[in-house]
Asker: 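Input: one structure, supplied below.
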Amino acid sequence: MDQVDALEPLLAHASIQGPEEPPDAGQLSALLLHLYEAARATGVAEFQRQAMELVARYLPHDGCWWGRATFDGDQHRVHCSYLHGLPEDVPQRLNTTDPQNVVARTTTKTPNRTHQFGLRELAAEPATEALTAHMGISQSLCIAHVENATGQMNFVSVVRREEVPLFNAGERQLLEWLMPHLAAALDVCCAQRMASLRTGADSALLTTDMDGWVHVSEPAVAALLQREWAGWSGPRLPSGLSETLVRPPHRFLGRRVQAEAEWAGEHLIVMVRPRKPVDLLTAQERAVAEAFSAGRPYKEVAEMLKLAPTTVRHHLRNVYLKLGVGDKGALARALAG
């Protein structure tokens with residue numbers, strides 16, 4: 001059987017209809033094994049690309065949209081998306097017209113089921129018709145998987161540009177079977193990326209997005225964030241934290257906790273840990289302190305960092321004051337954490 005990294009490219013067009021019956025048990029098992037293998041082996045955006053290539057083997061389509069969203073009453077908001085073969089501004093357009101959108105309204109009203117939409121349904125409401133025309137599609141299958149603990153949902157929509165061939169019953173059933181696994185595998189992929197960023201036993205990691213919704217988190221995250229924001233329980237990050245982390249340098253320094261982040265596709269991976277005195281050091285102070293604590297004399301430190309010796313001494317005085325240490329041995333221990 002082909003390896004995940006040798007999959008054929010996603011179909012350029014969906015002129016070939018999928019089978020009337022969904023894959024048999026052996027085919028479905030192999031597909032799921034490949035899915036979780038890709039989740040453990042790649043980054044988030046690359047995993048989503050490979051996952052939809054796997055789906056395309058049994059469910060041919062011209063484009064797809066895989067996203068995370070939240071909903072409140074009539075409104076549901078898309079927070080992060082993977083798009084293939086569709087305009088990049090589709091999420092923003094949907095977020096501005098969502099209460100009227102037929103697909104969004106139907107899918108969120110009855111989650112965990114595959115819904116099929118043809119041109120008649122897609123033209124039933126003006127905002128939906130306009131978005132359909134912008135996407136350049138004639139039919140779609142859409143399903144949402146709701147996470148009961150947070151009220152968030154993963155959704156997948158696969159589309160065809162032509163009215164024929166129609167998506168069939170086997171394709172609808174396959175997407176319904178796959179959706180919870182796609183959601184779970186995406187969480188596995190995020191967790192793998194989180195683990196790779198860990199820097200110490202006292203840290204905890206989470207995955208969020210531009211709007212601060214927590215998608216995946218380790219158990220210790222809540223206790224750490226409650227040190228800074230008493231009573232915090234999610235599912236959104238505390239006010240001010242996400243706004244700081246989404247912008248360079250993706251770092252937050254609070255009274256009791258420190259957090260750093262990096263983007264993985266449209267997901268933001270965040271590491272939180274208790275604040276330490278060393279977090280107060282500037283980048284240059286940290287570089288001077290590490291070089292000096294390693295046994296280098298002032299002059300060598302100055303030459304290595306291209307600083308004047310007087311500047312090195314000035315930085316070291318600040319370092320000693322900030323860390324509350326009085327000798328080189330104590331400095332080394334403070335830097336080691």
Side-chain angles (χ1 to χ4, degrees), residues 1-16 18-19 22-69 78-88 90-91 114 135 137 140-145 147 152-161 167 170-197 207 209 215-216 262-269:
M1 184 167 294
D2 296 339
Q3 295 299 311
V4 171
D5 58 3
L7 291 173
E8 66 269 17
L10 189 62
L11 296 177
H13 58 84
S15 60
I16 302 174
D24 62 31
Q27 292 171 320
L28 183 61
S29 177
L31 193 160
L32 294 178
L33 286 173
H34 279 324
L35 178 69
Y36 286 105
E37 179 184 332
R40 293 189 295 270
T42 64
V44 175
E46 175 62 15
F47 160 68
Q48 291 184 289
R49 184 190 70 80
Q50 291 191 12
M52 294 314 296
E53 285 186 352
L54 283 167
V55 173
R57 291 183 168 192
Y58 297 97
L59 205 172
H61 52 269
D62 294 314
C64 61
W65 181 8
W66 182 355
R68 292 187 191 262
V78 178
H79 301 291
C80 48
S81 299
Y82 167 80
L83 293 158
H84 178 88
L86 295 172
E88 292 184 359
V90 167
T114 301
M135 295 168 71
I137 65 172
S140 71
L141 295 181
C142 192
I143 186 169
H145 174 76
E147 301 169 2
Q152 299 176 61
M153 65 180 180
N154 269 273
F155 68 88
V156 168
S157 180
V158 294
V159 302
R160 288 178 179 162
R161 304 203 183 284
F167 288 113
E171 293 168 328
R172 292 195 300 272
Q173 181 64 73
L174 174 62
L175 189 58
E176 201 161 300
W177 283 347
L178 287 179
M179 188 63 232
H181 293 283
L182 290 169
L186 180 57
D187 286 348
V188 168
C189 188
C190 289
Q192 288 284 114
R193 184 62 186 145
M194 285 160 49
S196 72
L197 298 178
T207 302
D209 56 45
H215 303 305
V216 183
E262 71 170 45
W263 285 103
E266 293 200 355
H267 294 76
L268 190 68
I269 310 297

Asker: Would a distance-only check, ignoring hydrogens and angles, find a side-chain to backbone donor-acceptor pair under 3.5 Å from Q152 to A69?
Answerer: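 Between the backbone of A69 and the side chain of Q152 there is no qualifying donor-acceptor contact (under 3.5 Å).
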Asker: Does R160 make a cation-pi contact with F167, if we ask for NZ or CZ under 6.0 Å from the ring centre and within 45° of the axis?
Answerer: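 Judged by the rule (NZ or CZ under 6.0 Å from the ring centre, within 45° of its axis), R160 counts as positioned above F167.
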Asker: Is there a side-chain hydrogen bond (donor to acceptor under 3.5 Å, both in side chains) between H215 and D187? Walk through the geometry before answering.
Answerer: CA-CA 8 Å; H215 303 305; D187 286 348; over 6 Å; no
Asker: Compare every heavy atom of P180 with every heavy atom of E176, then report the nearest pair and how far apart it is.
Answerer: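 Shortest heavy-atom contact: O-CD, 3.5 Å.
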Asker: What pair of heavy atoms forms the shortest contact from H267 to C80, and how long is it?
Answerer: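 Smallest heavy-atom distance, with atoms named: NE2-SG, 3.8 Å.
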Asker: Of the non-hydrogen atoms in T114 and R172, which two are nearest, and what is the gap between them?
Answerer: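 The answer is OG1-O, 3.0 Å.
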Asker: Do V188 and R40 touch side chain to side chain, with heavy atoms closer than 4.5 Å?
Answerer: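 V188 vs R40: side chains touch.
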Asker: Could you check if a side-chain atom of D62 sits within less than 4.5 angstrom of a side-chain atom of I137, using non-hydrogen atoms only?
Answerer: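 No, too far: nothing below the 4.5 Å cut-off.
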Asker: Find out whether L268 and D209 are in side-chain contact, i.e. whether some heavy atom of one side chain is under 4.5 Å from a heavy atom of the other.
Answerer: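 The answer is no; the side chains never approach within 4.5 Å.
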Asker: May I ask you to decide if A38's main-chain N or O and T42's side chain share a donor-acceptor pair within less than 3.5 Å?
Answerer: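 Yes.
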Asker: Could you report the tightest heavy-atom contact between W177 and P23, atom names first, then the distance?
Answerer: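 The pair with the smallest heavy-atom distance is CZ3-O, 4.1 Å.
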Asker: Rounded to the nearest 0.5 Å, how far apart are SG of C64 and CE of M52?
Answerer: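 The SG atom of C64 sits 4.0 Å away from the CE atom of M52.
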Asker: Does the side chain of H61 come within less than 4.5 Å of V159's, by heavy atoms?
Answerer: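 V159 does not reach H61 side chain to side chain.
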Asker: Work out which heavy atom in A185 is nearest to a heavy atom in A39; give both atom names and the distance.
Answerer: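 Nearest pair, atom of A185 first, then A39: O-CB, 3.3 Å.
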Asker: Under the side chain to side chain contact (heavy atoms under 4.5 Å, CB included) rule, what do E266 and V44 come out as? Steps first, then yes or no, please.
Answerer: CA-CA 9 Å; E266 293 200 355; V44 175; over 6 Å; no
Asker: With rounding to the nearest 0.5 angstrom, report the NE2 to CE distance, H145 to M179.
Answerer: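 Going from the NE2 atom of H145 to the CE atom of M179 covers 7.0 Å.
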Asker: What are the two closest non-hydrogen atoms of T207 and M194, and how far apart are they?
Answerer: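 Looking at all heavy atoms of both residues, the shortest contact is OG1-SD, 3.1 Å.
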Asker: To the nearest 0.5 Å, how far apart are CH2 in W66 and CZ in R49?
Answerer: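 Rounded to the nearest 0.5 Å, the CH2-CZ separation comes out at 12.5 Å.
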Asker: Which value, rounded to the nearest 0.5 Å, describes the distance between I269 atom CD1 and Q192 atom CD?
Answerer: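 If I round to the nearest 0.5 Å, the distance is 11.5 Å.
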Asker: I'd like to know whether Y58 forms a side chain to side chain contact (heavy atoms under 4.5 Å, CB included) with L28, so could you lay out the CA-CA distance, the side-chain angles of the two residues, the decisive distance to 0.1 Å, and finally the verdict.
Answerer: CA-CA 10 Å; Y58 297 97; L28 183 61; over 6 Å; no
Asker: L178 vs L31, test: side chain to side chain contact (heavy atoms under 4.5 Å, CB included). Steps then yes/no.
Answerer: CA-CA 9 Å; L178 287 179; L31 193 160; 3.7 Å; yes
Asker: Heavy atoms, side chains only, cut-off 4.5 Å: are H79 and P91 in contact?
Answerer: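 A side-chain contact is absent here, since even the closest heavy-atom pair is not under 4.5 Å.
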Asker: May I have the step-by-step check of side chain to side chain contact (heavy atoms under 4.5 Å, CB included) for W65 and V90, ending in yes or no?
Answerer: CA-CA 9 Å; W65 181 8; V90 167; 3.3 Å; yes
Asker: Nearest 0.5 Å, what's the CZ-CG distance between R193 and L197?
Answerer: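 One gets 4.5 Å once the value is rounded to the nearest 0.5 Å.
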Asker: So, do L186 and F47 sit near enough that their side-chain heavy atoms are less than 4.5 Å apart?
Answerer: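 Touching, per the 4.5 Å side-chain cut-off.
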Asker: To the nearest 0.5 angstrom, please state how far the CZ atom of R161 sits from the CG atom of L86.
Answerer: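 Going from CZ on R161 over to CG on L86, the span is 6.0 Å.
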Asker: Does the Q27 side chain pair with the main chain of D24, one donor and one acceptor, at a distance under 3.5 Å?
Answerer: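 Confirmed, Q27 side chain pairs with D24 backbone.
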